[in-house]
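Have a look at the structure below, then the notes.
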Amino acid sequence: MTTPRDVFAALSDGISEGRWDELSALYAEDAVVEHPQAVPRPGRITGRATIHERFTSALAGTLRLKRKNVVVHETTDPEVIVAEYDYDAESVTTGRTIPTANIQVLRVRDGLIVHSRDYHDYLRLAVIRDGVGQLAEAYAQAPPRELSPIGERTSSDPKSRRGVFERLVYGVCDKAGPHLAELYAEPTHVTHPFQPGSAVVRTREELRAHFEQAAAMGVDFEIADLVTYEGTDPEMLIAEFAYQGSYGGHPVRIANIFAMRICDGLVVESRDYGDHLGIAGDLGRIPELAAKL
């Protein structure tokens with residue numbers, strides 16, 4: 001068990017089988033685990049002992065998680081994989097169940113996880129625990145968002161995977177609106193796994209409506225903390241980034257990770273894991289968002 005794929009499989013198996021006390025052994029002594037979309041603000045835990053405590057206390061007594069629909073993307077960095085998967089999640093307390101989406105970026109070295117960035121569907125997990133009210137309260141009491149420095153925009157070959165992505169997100173910041181639909185194939189297949197009630201977007205007409213709605217928000221965004229991972233599959237690109245700006249005098253930061261398939265300079269498939277819960281929480285609209293489930 002030395003490859004990143006093997007280590008992820010062992011982690012996933014252990015979670016599904018409830019072997020919580022064994023999982024920290026898969027992490028390096030000084031491992032770092034980040035949760036960019038954690039409630040109510042991003043989280044970071046460091047060290048095997050802290051990771052062990054989280055697995056055996058915070059998770060073991062509250063949830064049963066059975067994974068399915070696993071897709072592992074190997075990247076051109078041999079230490080890094082990106083795993084997309086779903087859980088059938090069950091609350092130990094209420095017995096209620098719900099499917100939830102997840103995506104993780106794992107860096108594995110010498111058979112151990114040294115760094116992990118984990119994105120989970122915290123809204124659905126709260127719903128089955130009857131915890132929507134607690135979510136709203138947590139965001140209401142949260143401190144202002146901390147913003148990262150904005151660096152210079154990067155400029156890649158516009159037909160490359162990263163180049164297409166750059167044109168997309170910088171275009172969002174520049175309020176290019178409906179013109180961004182031209183970056184997508186037709187038909188395409190765009191989903192938003194963390195947005196309750198969202199439909200699959202397949203046509204450029206639907207994309208134009210989507211981007212017009214985003215531009216109409218009137219928020220001035222820039223891109224922060226952009227990191228891309230190119231898959232060994234020549235069409236795959238995974239991108240982590242945040243939209244940063246201000247709204248109503250308050251700092252705004254929306255963490256995202258997109259898993260995209262780009263062919264001949266056009267997006268043919270994209271799963272956009274945006275922090276819709278965080279947006280709703282900061283605006284005081286969590287009950288409305290939860291009602292769409």
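Note that this is a predicted model, so its numbers are computed, not measured. The figures that follow rest on heavy atoms only: side chains count, while hydrogens, waters and symmetry mates do not.
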Evaluate whether atom CZ of Arg153 has more than 12 neighbouring non-hydrogen atoms of other residues, nucleotides or ligands under 6.0 angstrom away. yes

Test ring pair (Phe, Tyr, Trp, His ring centres under 6.0 Å) applied to Phe165 and Phe241, step by step: CA-CA 11 Å; Phe165 174 77; Phe241 67 102; 5.3 Å; yes

Please round to the nearest 0.5 Å and tell me the distance separating atom OG1 of Thr232 and atom CD1 of Ile81. 11.0 Å

Candidates Gln37, His35, Glu84, Glu240 - the one meeting side chain to side chain donor-acceptor pair (under 3.5 Å) with Tyr119: Glu240

Let me confirm one number: the CG-CZ distance from Asp174 to Arg167, rounded to the nearest 0.5 Å. 13.0 Å

What are the two closest non-hydrogen atoms of Glu222 and Cys173, and how far apart are they? CA-SG, 3.6 Å

Pair Arg253 + Glu146, salt bridge at N-O below 4.0 Å: no

Considering only NZ, NE, NH1 and NH2 on the basic side and carboxylate oxygens on the acidic side, decide whether Glu74 and Arg5 come within less than 4.0 Å. yes

Counting N and O atoms only, with roles assigned by atom type, does the side chain of Thr75 sit under 3.5 Å from a partner on the main chain of Asp77, one being a donor and the other an acceptor? yes

Hey, could you give me the CD/CZ distance between Gln104 and Arg117, rounded to the nearest 0.5 Å? 12.0 Å

Looking only at non-hydrogen atoms, find the nearest pair between Ala89 and Leu65 and report the distance. CB-CD2, 3.6 Å

Please round to the nearest 0.5 Å and tell me the distance separating atom CG of Leu11 and atom CD of Glu22. 12.0 Å

Atom pair CZ (Arg271) and CD1 (Ile238), whose distance is rounded to the nearest 0.5 Å: 8.5 Å

Salt bridge check: are Lys175 and Asp220 linked by an N-O gap of less than 4.0 Å? yes

Heavy atoms of Trp20 and Thr56 approach each other most closely as O-CG2, 3.9 Å

Can you hop from Val80 to Leu226 via hydrophobic side chains spaced under 4.5 Å? no

Would you find a donor on one side and an acceptor on the other, under 3.5 Å apart, between the side chain of Thr94 and the backbone of Ile128? yes

Distance (rounded to the nearest 0.5 Å) between Thr62 OG1 and Leu125 CG: 8.5 Å

Relative to the ring of His192, is the ring of His210 parallel (under 30°), tilted (30 to 60°) or perpendicular (over 60°)? tilted

Is the backbone of Val268 close enough, under 3.5 Å, to the side chain of Thr188 for a donor and an acceptor to pair up by distance? yes

Is it the case that more than 12 heavy atoms not belonging to Tyr170 sit under 6.0 Å from its OH atom? yes

Step through the shown structure and confirm whether more than 12 heavy atoms of other residues, nucleotides or ligands are within 6.0 Å of CD on Glu186. yes

Does Glu288 pair with Lys292 as a salt bridge, N-O distance under 4.0 Å? no

With no hydrogens and no angle check, is any side-chain donor or acceptor of Arg48 less than 3.5 Å from a backbone partner on Tyr27? yes

If we ignore hydrogens and angles and just use 3.5 Å, is the side chain of Arg96 paired with the main-chain N or O of Val127 as donor and acceptor? yes

Check the hydrophobic clustering (I, L, V, M, F, W, Y; side-chain heavy atoms under 4.5 Å; chains of links allowed) and say if Phe194 and Tyr85 are grouped together. no

Are more than 12 heavy atoms from other residues, nucleotides or ligands located less than 6.0 Å from atom CD of Gln213? no

